[in-house]
**Student:** 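Supplied in structure tokens, the structure appears directly below.
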Amino acid sequence: MPETLENHVRQFREERGWTQAQLAEEMGVSRKTVNTVENGIFSPSVIVALKFAAALGQPVERLFELVPGAGD
């Protein structure tokens, strides 16, 4: 089975007390981008992942984690 990308963006955003709109503004992206990444609908490009990391003050590896699929 393929690997999946798990993310912890919502956790770190909420710890800062930010809305999705506030995080999006900090990153220079749309709120929809933040929403779709948080909900696992969209896997971010490297550039967007780095923007999340910079805005949230976390290494990329803490925000995004590659998880083996079932049966691996």
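Only this structure's heavy atoms are used, side chains among them; waters, hydrogens and symmetry mates stay out. Here the structure is a predicted model, which means the values were calculated and not measured.
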**Student:** Nearest 0.5 Å, please: how far is CZ in F64 from CD in E6?
**Tutor:** 11.5 Å

**Student:** Per the salt bridge (Lys or Arg N to Asp or Glu O under 4.0 Å) rule, what does the pair list look like for residues 32-42, sequence neighbours excluded?
**Tutor:** R10-E38, R13-E38

**Student:** Which residues, ordered by chain and number, are linked to I47 in its hydrophobic cluster, where ILVMFWY side chains connect at heavy-atom gaps below 4.5 Å, directly or through other members?
**Tutor:** none

**Student:** Within the distance-only criterion (no hydrogens, no angle test), does the side chain of Q22 pair as donor or acceptor with the backbone N or O of T19 below 3.5 angstrom?
**Tutor:** yes

**Student:** Which heavy-atom pair separates A53 from P59 by the least distance, and what is that distance?
**Tutor:** CB-C, 4.3 Å

**Student:** Under the 3.5 angstrom rule, does the side chain of N35 hit a backbone N or O of R31 as a donor-acceptor pair?
**Tutor:** no

**Student:** Sequence neighbours excluded, which residues qualify as side-chain hydrogen bond (donor to acceptor under 3.5 Å, both in side chains) partners of T4?
**Tutor:** none

**Student:** Can you tell me if CD on Q20 sees more than 12 non-hydrogen neighbours from other groups inside 6.0 Å?
**Tutor:** yes

**Student:** Indicate yes or no: at least one non-hydrogen side-chain atom of M27 is less than 4.5 angstrom from one of V48.
**Tutor:** yes

**Student:** Any heavy-atom pair between the side chains of V67 and L5 that's under 4.5 Å?
**Tutor:** no

**Student:** By side chain to side chain contact (heavy atoms under 4.5 Å, CB included), which residues pair with E15, not counting sequence neighbours?
**Tutor:** Q11, F12

**Student:** For I41, which fellow cluster members are found when Ile, Leu, Val, Met, Phe, Trp and Tyr are connected by side-chain heavy-atom distances below 4.5 angstrom, either directly or through intermediates?
**Tutor:** none

**Student:** Restricting to pairs with a member in residues 39-49, which pass salt bridge (Lys or Arg N to Asp or Glu O under 4.0 Å), not counting sequence neighbours?
**Tutor:** none

**Student:** Applying side chain to side chain contact (heavy atoms under 4.5 Å, CB included), can you list everything that pairs with L66, at least two apart in sequence or on another chain?
**Tutor:** E3

**Student:** If we only count heavy atoms from C-beta on, is the L23 to V9 side-chain gap below 4.5 Å?
**Tutor:** yes

**Student:** Kindly state each residue pair satisfying side chain to side chain donor-acceptor pair (under 3.5 Å) with at least one member in residues 51-61, sequence neighbours excluded.
**Tutor:** Q58-R62

**Student:** Mind checking side-chain hydrogen bond (donor to acceptor under 3.5 Å, both in side chains) for N7 and listing every partner two or more places apart, or none if nothing turns up?
**Tutor:** none

**Student:** Any idea which heavy atoms bring A49 and V60 closest together, and the distance?
**Tutor:** O-CG2, 4.1 Å

**Student:** Does any part of the side chain of L56, heavy atoms only, come nearer than 4.5 Å to the side chain of W18, both counted from C-beta?
**Tutor:** yes

